[in-house]
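Atoms within each ligand, like the ligands themselves, are counted from 1 in listed order.
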Amino acid sequence: MDEKLKCIESGFEQDLSGLKSISECESIRIKYLGRKGLIAELFQELAALPAEQKPLFGPRINALKNKLQQEITRKSAMFEQQPELQAGGLTAQFDITLPAVRGQLGAGHPLSLVLDEICGLFIEMGFCVVEGPEIETEYYNFEALNIPLEHPSRESFDTFYLHKKYLLRSHTSPVQVRYMEKHEPPIQIVVPGKVYRPDATDASHSFMFNQVEGLLVDKNITLAHLKGVLSVFAKKLFGPKIKTRFRPHFFPFTEPSAEMDVSCIICGGKGCRVCKQSGWLEILGSGMVHPKVLKAVKIDSKEYSGFAFGMGVERIAMLKYGVDDIRLFFENDLRFLKQFG
Ligand code: DAH
């Protein structure tokens, strides 16, 4: 009896889902609930059961009968209200009275958000976005940028070597050279992209990270242009109250060179753990394009001058969003990523 009840119930569900019209509802009603229907048969069998089993199955048969009645009534009402469902074909297979399934909305990755914001700010100031290859040659990654083979400054751009002269670029600066080879000044570009260095991974180091490189070359470009553009950029990125300062530094491909600091966005310059009590945060390297770099791409350094800069995107994203471990960007834990929608 138990088997039979289950069998009738599942048969009914199948029949019900295949219904295509109101007249089919009626035939199903007769099949299950009619005078000689399957439910009536069950009641007959119930009468033949031993007395002690009757109270066990009686209520179950009644419950099933009620359920079938309700389902058939619901389905015929549906056909009555929406006659177009009866047309057959595909639409009839959908129960459009069911609540819709909500799709999950994705969110931008925090690095993409910051990368887009940085490039967007430079686009506002007239820069174009260009890209270059991640597999580079020694020439573009080093030599053309005035980083000689046996020079200690190569160590600060520690590099993954591939086959022969090929390597994974350790900065986005080689794209400067590639672009200047093919274009005459005026040049005004930013270059977002991935770079690679064989650093041991920890909270602030990753063997792969993103940089944005910038280059502007034209007649009469001076350090004042560099300071102006980068100060405006910092204020737009971190807010109008931010202060900037330029500290002399050394890069082989610029002369003079400077690092730009912004007043600490965490403590406002008073001194805290993030700025190591200094009140300042270093956010990019910059300088006037070295005449040797211009020479390598056959741009006359007597006629033209330019400035360049390079910044780490993860570092800026960490400061902006208060993230204290770079690895979080690459682990793709949804609980982390969902916060940046
Ligand atoms: N390429 C440098 C680095 O990876 C960053 C940089 C510094 C780029 C100064 C520049 C620049 O264009 O002028 O550390």
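- For ligand 1 and Ser286, the ligand atoms under 4.0 Å from any heavy atom of the residue are 9 (C), 11 (C), 13 (O).
- For Arg197, the closest heavy-atom approach to ligand 1 falls below 4.0 Å.
- Proximity of Asn332 to Leu337: side-chain heavy atoms (C-beta onward) are separated by under 4.5 Å at one or more points.
- Side-chain atoms of Phe127 and Leu121, non-hydrogen and from C-beta on, never get closer than 4.5 Å to each other.
- By the 4.5 Å heavy-atom criterion applied to side chains, Lys194 and Asn210 are counted as neighbours.
- Residue Val175 is grouped with residue Ile299 when hydrophobic side chains (ILVMFWY) are merged at heavy-atom distances under 4.5 angstrom, including chains of intermediate members.
- Of the N or O atoms in Phe253, none lie within a sub-3.5 Å distance of an N or O in ligand 1.
- Annotation: cation-pi geometry not satisfied between Arg169 and Tyr140 (NZ/CZ under 6.0 angstrom from ring centroid, within 45° of ring axis).
- The aromatic ring centroids of Tyr321 and Phe329 lie 6.0 Å or more from each other.
- Hydrophobic clustering (side-chain heavy atoms under 4.5 Å, transitive across Ile, Leu, Val, Met, Phe, Trp, Tyr) keeps Val229 apart from Tyr304.
- Ligand 1 places these atoms under 4.0 Å from at least one heavy atom of Ser173: 1 (N), 8 (C).
- For ligand 1, the atoms lying closer than 4.0 Å to a non-hydrogen atom of Phe251 are 7 (C), 9 (C).
- At the shortest separation from atom 12 (O) of ligand 1 among protein heavy atoms lies Glu213 OE2, 2.6 Å.
- Close contacts between ligand 1 and Gln176 involve ligand atoms 12 (O) [criterion: under 4.0 Å to a heavy atom].
- If you look at Ala308 next to ligand 1, the close heavy atoms, those under 4.0 Å, come from the backbone and the side chain alike.
- Within ligand 1, the atoms closer than 4.0 Å to a non-hydrogen atom of Thr254 are 13 (O), numbered from 1 in the order shown.
- Heavy-atom proximity to Gln211, at under 4.0 Å, picks out these atoms of ligand 1: 3 (C), 4 (O).
- By the 3.5 Å distance cut-off applied to N or O atoms, Ser170 is not counted among the residues near ligand 1.
- Taking CG of Asp2 as the start and SG of Cys7 as the end, the distance is 11.0 Å to the nearest 0.5 Å.
- Listed by number with element, the atoms of ligand 1 under 4.0 Å from a non-hydrogen atom of Gly287 are 13 (O).
- Using a 4.0 Å cut-off between heavy atoms, His249 makes no contact with ligand 1 at all.
- Looking at atom 3 (C) of ligand 1, its nearest protein heavy atom turns out to be Phe157 CE2, 3.5 Å.
- Under the 4.5 Å side-chain contact rule for hydrophobic residues, Val191 and Ile135 do not share a cluster.
- With a 4.0 Å cut-off on non-hydrogen atoms, Met311 does not touch ligand 1 at all.
- For atom 5 (C) of ligand 1, the nearest protein heavy atom (residue, atom name, distance) is Gly310 CA, 4.0 Å.
- Phe309 pairs in a ring pair (Phe, Tyr, Trp, His ring centres under 6.0 Å) with only one of the listed residues (Phe122, Phe246, Phe251), which is Phe122.
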